Amino acid sequence: MKVIQFKKHGGPDVLEYVEIDDLTPGRGEVVLRVRATSLNHLDLFVRRGIPGVKIPLPHVPGCDAAGEVLALGDGVTTLEQGERVLLNPSVTCGQCEFCLRGDTSMCRTFNVFGEDRWGGYAEQMVVPAENLVPIPDDMSNEDAASVPLVFMTAWRMLIGRGRVRPSEDVLILGAAAGVGIAAIQIAKVAGARVFAAASSDEKLALCGELGADVLINYEAENFVRRVREETGKRGVDVVVDYVGKDTWVDSLRSLTRGGRLLTCGATTGYDPTTDIRQIFYRQLEIIGSTMGSANDLNAALTLISSRKMKPVVGKVFELKEAADAHRLMETRNALGKIVRRPHGGPDD
Ligand SMILES: [Zn+2]
């Protein structure tokens with residue numbers, strides 16, 4: 001089978017399209033025939049190398065995948081050969097205090113396909129049976145592969161950690177990116193008024209289609225000033241900021257008293273300067289969140305199945321074009337999720 005792998009960390013050119021042996025499942029495992037994979041920023045970080053994280057090489061990236069069951073290992077009774085499934089990318093112990101209380105992304109041994117294990121830039125993957133979730137009949141493989149990581153991350157961040165409630169104002173930065181697309185829709189389902197900030201009018205048009213109420217082009221205008229105008233100088237209840245260093249200070253300034261800043265990433269840098277007085281005088285909360293649980297994924301899939309939310313697929317690449325797909329993601333100009341199909345594999 002074909003995979004994209006890298007033998008050293010670096011730019012998109014380290015991604016190689018190679019042939020390796022077909023996979024066989026162990027006990028409790030399944031071989032997934034991957035039909036579609038979507039890209040996440042994590043893929044870029046893994047390819048470049050993450051300080052303090054040792055990734056055995058060669059490595060196959062890719063956290064999100066969808067396809068069908070190709071082979072069942074011993075003891076697997078919950079799935080059938082040929083069944084269409086998507087991947088829950090997180091692997092947890094199920095036994096530590098965090099798993100037992102449902103905070104599985106805090107698991108002491110938490111790991112993710114595409115980072116800690118070989119991922120979905122491949123025609124096949126071996127995964128534990130419990131990581132596979134049936135795909136609704138009317139959902140394409142590309143759509144299915146665009147759901148898991150961003151929707152479970154956004155669900156946990158906004159609902160589980162962020163406690164977004166009806167009537168609240170929620171500002172989402174980088175709103176046309178993967179997590180943003182999910183966050184807009186989840187905040188709307190929760191009953192909030194959504195302020196979407198993005199770097200182009202084309203991206204904002206997409207945010208508007210997804211239900212965002214206030215559209216802010218933060219290349220053309222100061223988003224703090226616009227938020228203050230729109231809220232009668234009050235500020236918003238919640239800011240979703242995974243942009244990081246470039247927006248952190250202005251995110252804090254956009255919040256009303258007692259507001260919550262939710263963070264699940266820092267794509268522009270992780271060491272902004274914070275004026276601590278902003279936090280204690282105005283009694284702000286800074287809430288970290290990462291990934292999500294199987295329950296979070298199921299909740300999102302339920303609403304997607306009932307057409308209250310939807311994944312957004314942007315450009316589709318073939319597996320062998322992974323380096324081009326990474327280059328597109330690095331430009332930050334991509335609209336919606338970038339998705340890859342295995343070379344030569346008919347979809348659906
Ligand atoms: Zn655990």
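All values below come from the heavy atoms of this structure, side chains included, with hydrogens, waters and symmetry mates left out. Keep in mind the model is a prediction, meaning the values are calculated, not measured. All ligand and atom numbering here is 1-based and tracks the order in the structure. We number each residue from 1, following the sequence as shown.
Under the 4.5 Å side-chain heavy-atom criterion for Ile, Leu, Val, Met, Phe, Trp and Tyr, Met106 and Trp155 are members of distinct hydrophobic clusters.
Checked against the 6.0 Å centroid criterion, the rings of Phe45 and His9 do not qualify as a close aromatic pair.
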Got a list of side-chain donor-acceptor pairs under 3.5 Å for residues 126-138, not counting sequence neighbours?
{"residue": "Asn131", "atom": "ND2", "partner": "Asn88", "partner atom": "O", "Å": "2.6"}
{"residue": "Asn131", "atom": "ND2", "partner": "Ser90", "partner atom": "O", "Å": "2.8"}
{"residue": "Asp138", "atom": "OD2", "partner": "Arg307", "partner atom": "NH2", "Å": "2.7"}

Which atom pairs, donor and acceptor, lie under 3.5 Å between side-chain atoms of residues 173-184 and protein residues at least two apart or in another chain?
none

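Residues Val316, Val339 make up the rest of the hydrophobic cluster containing Val313, defined by ILVMFWY side-chain heavy atoms closer than 4.5 Å, directly or through other members.
Here the protein contributes Cys93 SG, Cys96 SG, Cys99 SG, Cys107 SG as N, O or S atoms under 2.8 Å from the Zn ion (ligand 1).
With a 4.5 Å cut-off on side-chain heavy atoms, Arg47 and Pro12 count as touching.
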